[in-house]
Amino acid sequence: MRARIHFHAKALLFSLSAVSFTLVATFFFYDGPIRLPRMEETVQAKELIKPDNDPVTTANAHRSTSPLEGLLPDEFQHAWKPVSLDNNKIRLQMLTKPFLLSHTSHQTGSEAFEYASFLFEQMAKGIKNSDLSSKVATLSLQAQTLGNTVRQASEFRFDGPPSTDMEHLQVRSAILFHLKGLNPNALVSAQYNQHGRLMTETMPGKATQGGDDVKAFMTKVNAVLNHPEARHYPATMQLLRQESALLQNLASHLTLRWESTLYCQRSCDSIATYMRVYTRQTLPAKTLAAVLP
């Protein structure tokens, strides 16, 4: 009897061991091995200290000298003077010479956005009301972002015969991607014959008030101009209004120029032998790109 009990006990232990092993194996192979929690590196306290979410602080951090240094002809590098507005409440450094679209990179006007951003940044520093100052500083960052978009769009260019890798289409797509927030009517297409004579040209519709990015910028402009404290800075707000309108005009006239050269003998071949794809302003080169003091 005792031997039988001993035998049953051993059988029971064997069964429990087999079941346990099966469960463990199933868990291991089904869910994978048990993963220990990831050990994060220790971060020093000073690395966690960040400035307040103050747009003024953020805007001031990205500039130490003139935003146009090295971008305009030498005659502009020392063409600055101090300007005081609203009974010395606002002090600015402004250009003293006409700043035209023709002076900008690729004549697209990106430096105009940088200049406006620089002025807005200075305005924000002089405005005492923290809420209004924060809104103007945000405008500075938005203007700089728009300028970066203009610059990036103008860096894409295709100039040559179309290739099998469709690089011209890639450039076209990249430019339109950058311009969609600036000008929804951005495409201008033109066809020339092999002698350079223009045969057809499709112009965009009438310039709108700009794309979604420009509209968002102008919404912020209106919020600044309608701020209760803005009445204390009439001359500053007038300058801000003029600069913002100028940026809106530049952005809404920025286009993608698609030029195709066709081989024409008695009739024109529908396949282009040469293409130019680039960003272009439809405004005249003599368009003023900055408000003077």
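- A side-chain N or O of Glu111 and one of Ser105 form a donor-acceptor pair less than 3.5 Å apart.
- Checking side-chain atoms of Thr108 against main-chain N and O of Ser154 turns up no donor-acceptor pair under 3.5 Å.
- Between Leu182 and Val150, the closest side-chain pair of non-hydrogen atoms falls below 4.5 Å.
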Go through the steps to decide whether Tyr278 and His106 satisfy the test ring-ring contact (aromatic ring centres under 6.0 Å, His included), and finish with yes or no. CA-CA 10 Å; Tyr278 59 99; His106 306 290; 9.6 Å; no
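- When all heavy atoms of Asn193 and Thr261 are compared, the closest pair comes out as O-CG2, 3.6 Å.
- Closest approach of Ala124 to Ser133, counting heavy atoms only: O-OG, 2.6 Å.
- Using a 4.5 Å cut-off on side-chain heavy atoms (C-beta onward), Arg151 and Asn148 make contact.
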Checking Leu288 against Leu100 for the side-chain contact (heavy atoms from CB on, under 4.5 Å) test, could you report, in this order, the C-alpha distance in whole Å, the side-chain angles of both residues, the deciding distance, and whether it holds? CA-CA 5 Å; Leu288 192 66; Leu100 305 178; 4.1 Å; yes
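- Shortest non-hydrogen contact noted between Met94 and Leu119 is CG-CD2, 3.8 Å.
- At a threshold of 4.5 Å between non-hydrogen side-chain atoms, the residues Phe113 and Thr149 do not count as touching.
- Classification of the Phe156-His178 ring pair by plane angle, with boundaries at 30° and 60°, yields tilted.
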Start with the C-alpha distance between Ile175 and Val277, add both sets of side-chain angles, then the distance that settles side-chain contact (heavy atoms from CB on, under 4.5 Å), and finish with yes or no. CA-CA 9 Å; Ile175 294 176; Val277 185; 4.3 Å; yes
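- In Lys89, the NZ atom is crowded: over 12 heavy atoms of neighbouring residues, nucleotides or ligands sit closer than 6.0 Å.
- Side-chain contact between Gln194 and Tyr192 is absent, with no heavy-atom pair separated by less than 4.5 Å.
- In this structure, CG in Asn249 is found 9.5 Å from CD in Gln209, a value given to the nearest 0.5 Å.
- Remark: Ser84 OG to Ile90 CD1 distance equals 10.0 Å, nearest 0.5 Å.
- Residue Arg157 places its CZ atom among more than 12 non-hydrogen atoms of other residues, nucleotides or ligands, all under 6.0 Å distant.
- Between Phe217 atom CZ and Asp212 atom CG the span is 15.0 Å, to the nearest 0.5 Å.
- Here Lys125 contributes atom NZ and Arg91 contributes atom CZ; the two are 12.0 Å apart, rounded to the nearest 0.5 Å.
- Under the 4.5 Å side-chain heavy-atom criterion for grouping Ile, Leu, Val, Met, Phe, Trp and Tyr, Leu250 is connected to Met218 within one hydrophobic cluster.
- Counting heavy atoms from C-beta on, the side chains of Asn129 and His227 come closer than 4.5 Å.
- The distance from atom OG1 of Thr219 to atom CD of Gln142, rounded to the nearest 0.5 Å, is 9.0 Å.
- Donor-acceptor pairing under 3.5 Å is lacking for the side chains of His232 and Asp86.
- A donor and an acceptor atom, one from each side chain of Gln191 and Thr200, are located under 3.5 Å apart.
- Contact check for Pro98 versus Leu292: side-chain heavy atoms found under the 4.5 Å cut-off.
- Once rounded to the nearest 0.5 Å, the distance linking CE of Met123 with CG of Leu132 reads 11.0 Å.
- Not a single donor-acceptor pair under 3.5 Å links the side chain of His103 to the backbone N or O of Phe99.
- Of all the heavy atoms in Ala186 and Leu176, the pair that sits closest is CB-CD2, 4.3 Å.
- A donor-acceptor pair under 3.5 Å is absent between the side-chain atoms of Ser244 and the main chain of Arg241, judged by distance alone.
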Stepwise, does the side-chain contact (heavy atoms from CB on, under 4.5 Å) test hold for Leu262 with Met199? CA-CA 10 Å; Leu262 306 180; Met199 298 185 299; 4.0 Å; yes
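- The backbone N or O of Val291 lies less than 3.5 Å from a partner atom in the side chain of Glu243, making a donor-acceptor pair.
- Between Phe120 and the choices Val224, Leu240, Thr236, the side-chain contact (heavy atoms from CB on, under 4.5 Å) rule is met once, by Leu240.
- Below 30°, between 30° and 60°, or above 60°: for Trp258 and His168 the angle between ring planes is between 30° and 60°, a tilted geometry.
- Panel note: side chain Ser134, backbone Ser130; no donor-acceptor pair is recorded below 3.5 Å.
- Using a 4.5 Å cut-off between side-chain heavy atoms of Ile, Leu, Val, Met, Phe, Trp and Tyr, with links allowed through other members, Val171 and Met166 fall into the same hydrophobic cluster.
- Between the side chains of Ser252 and Asn183, no donor-acceptor pair is found at a separation under 3.5 Å.
- There is no path of hydrophobic side-chain contacts, each under 4.5 Å, that joins Leu169 to Tyr274.
- When all heavy atoms of Val214 and Gln248 are compared, the pair lying nearest together is CG1-CG, 3.9 Å.
- Between Thr287 and Leu283, the closest heavy-atom pair is OG1-CB, 3.7 Å.
- Under the 4.5 Å side-chain criterion, counting only non-hydrogen atoms from C-beta, Leu239 is in contact with Leu92.
- In this structure, Thr279 and Arg257 have side chains that are not in contact, with every pair of non-hydrogen atoms separated by 4.5 Å or more.
- Under the 4.5 Å side-chain heavy-atom criterion for ILVMFWY residues, no single connected hydrophobic cluster contains both Phe177 and Phe158.
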Criterion side-chain contact (heavy atoms from CB on, under 4.5 Å) on Arg172 and Leu187, from CA distance to verdict: CA-CA 9 Å; Arg172 176 184 183 274; Leu187 181 61; 3.7 Å; yes
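- Counting non-hydrogen atoms of other residues, nucleotides and ligands closer than 6.0 Å to CG of Asn87 gives a total of 12 or fewer.
- Residues Val136 and Leu225 fall within the same hydrophobic cluster, defined by Ile, Leu, Val, Met, Phe, Trp and Tyr side chains chained together at heavy-atom separations under 4.5 Å.
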